[in-house]
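See below for the structure under consideration.
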Number of protein chains: 2
Amino acid sequence: MQLDMNYSKQRELILYEIKKSKCHPTAFEIYNELKPGNPALSLGTVYRNLKLLSTENKIIKLATPSGPDRFDGNTDEHYHYYCISCSKVCDADDIKASDISKIFNNPKQKIVGYELNILCICEECNKNNIDVSNYK
Amino acid sequence: MQLDMNYSKQRELILYEIKKSKCHPTAFEIYNELKPGNPALSLGTVYRNLKLLSTENKIIKLATPSGPDRFDGNTDEHYHYYCISCSKVCDADDIKASDISKIFNNPKQKIVGYELNILCICEECNKNNIDVSNYK
DNA sequence: TACTAAAACAGTAATTATTACTGATTAAAA
DNA sequence: TTTTAATCAGTAATAATTACTGTTTTAGTA
Ligand SMILES: [Mn+2]
Ligand SMILES: [Mn+2]
Ligand SMILES: [Zn+2]
Ligand SMILES: [Zn+2]
């Protein structure tokens, strides 16, 4: 895995962990995953590298409707399902930026990207008949 | 302005302030706006009421790509431009939920809404020729 | 390889955003 | 009215994130 930026053992570890993960982990989740095998790792290092990696476009920072920021190793522009019941974040692989841009008519702003969270009840929560009247 | 929930002077003030505002203020901005005319108002009361008002669907809580939550007195489903240079949030009035729903094919999840932030350089920042290579 | 400078580290402190607690006040219900 | 429940202000606590500091690691160069 190429960093294209200054190397450190920790930076490589953190990037590898995010790339491997499919569940859009938080900084703290990444830290907890790596800590057992790397006891000297500090949470500050995780935060610092997540910020650096995202400004270098190696990863994407996701703001979700509630809770801490999440991180995504898939840097292709794509969008997310967000379950309002269990807060799970899943990729919406079938929606493309070109589809979204189609719904505009001549915005005055210069558009540089989209963040789309599709609020939903995920399959699993739906099976469990979650009462959803309290949410939103 | 009807509350349809327990009344308090502070609750009414806060709701009125959000409804009046066009700029999607943060809790702290609302507090600062109201404090001079209401010296006894506490920030905790602002947070508590913002949470209550949004669970009662009187207002909407907005998560933005960075910074604290913002609040919106317009509860019609609508979407936002978010300037990556100055963090300004503007309504995207021309995009409808039905337009967004069109771009799906049979999601497994039960969709309950969308949060779309259109990342952009706003008109004003664009005029000022903001260098944008450092962003995103 | 050895030297130097820059970057990154761990550990900790500080800051920001938000929520929880407590005893006093206000609103709603009886 | 009297009673009960909700809300308040003020404060403390928690969660998320960033900043600081002295040490270690990496990178550039002789
Ligand atoms: Mn993703
Ligand atoms: Mn709005
Ligand atoms: Zn779920
Ligand atoms: Zn701007």
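The structure displayed is predicted, hence computed values, not measured ones. Note on naming: letters A, B, ... go to the chains in the order of the sequence lines (proteins, then strands), and numbering restarts at 1 for each one. Only this structure's heavy atoms are used, side chains among them; waters, hydrogens and symmetry mates stay out.
The CG-P distance, from A/Asp69 to C/dA17, rounds to 13 Å in whole Å. Straight-line distance from the CG atom of B/Leu34 to the C1' atom of D/dC8: 15 Å, rounded to whole Å. Rounded to a whole Å, the CG atom of A/Asn32 is 14 Å from the P atom of D/dA15. If you measure from atom CZ of A/Arg48 to atom P of C/dA14, you get 19 Å, rounded to the nearest angstrom. Rounded to whole Å, atom C1' of D/dG10 lies 10 Å from atom OH of B/Tyr31. Across the protein-nucleic acid pair, A/Leu43 atom CG and C/dC9 atom P stand 13 Å apart, rounded to whole Å. Between the C1' atom of C/dC9 and the CD1 atom of A/Ile14 lies a distance of 11 Å, rounded to the nearest Å. The separation between B/Asn38 atom CG and D/dG10 atom P is 12 Å, rounded to whole Å.
Distance from the side chain of B/Gln10 is smallest to D/dC8 among D/dC8, C/dA8, C/dA10. In this structure, the nucleotide among D/dT7, C/dC9, D/dT18 sitting nearest to the side chain of A/Asn49 is C/dC9. Nearest nucleotide to the side chain of B/Pro68, out of C/dT18, D/dT17, C/dC9: C/dT18. The side chain of A/Tyr47 sits closest to D/dA16 out of D/dA16, C/dA10, C/dT18.
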**Request:** Could you check B/Glu77 against B/Tyr114 for side-chain hydrogen bond (donor to acceptor under 3.5 Å, both in side chains), going step by step and ending with a plain yes or no?
**Result:** CA-CA 8 Å; B/Glu77 170 123 13; B/Tyr114 307 100; over 6 Å; no
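Between B/Asp72 and the choices B/Lys61, B/Lys19, B/Lys22, B/His80, the side chain to side chain donor-acceptor pair (under 3.5 Å) rule is met once, by B/His80.
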Output one line per pair: protein atom, nucleotide atom from nucleotides 27-30 of chain D, and distance, for all N/O pairs under 3.5 Å.
residue, atom, partner, partner atom, Å
D/dA27, OP1, A/Tyr7, N, 3.2

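Looking at heavy atoms from C-beta onward, B/Lys110 lies out of side-chain contact with A/Glu123 at the 4.5 angstrom threshold. Looking at A/Phe71 and A/Thr26, their side chains never come closer than 4.5 Å, going by heavy atoms from C-beta outward.
With DNA chain D read from its 5' end, the first of the two nearest nucleotides for B/Arg11 and B/Gly44 is the one closest to B/Arg11.
Side-chain atoms of B/Ser101 and B/Ser98 form no donor-acceptor pair, as typed in the model, at a separation below 3.5 Å.
Between B/Lys51 and the phosphate of C/dT19, there is a side-chain N or O to OP1/OP2 separation shorter than 4.0 Å.
Judged by distance alone, the side chain of A/Asn128 and the main-chain N or O of A/Cys125 form no donor-acceptor pair under 3.5 Å.
Here the straight-line distance linking atom OH of B/Tyr31 with atom CG of B/Leu43 works out to 6.0 Å at 0.5 Å rounding.
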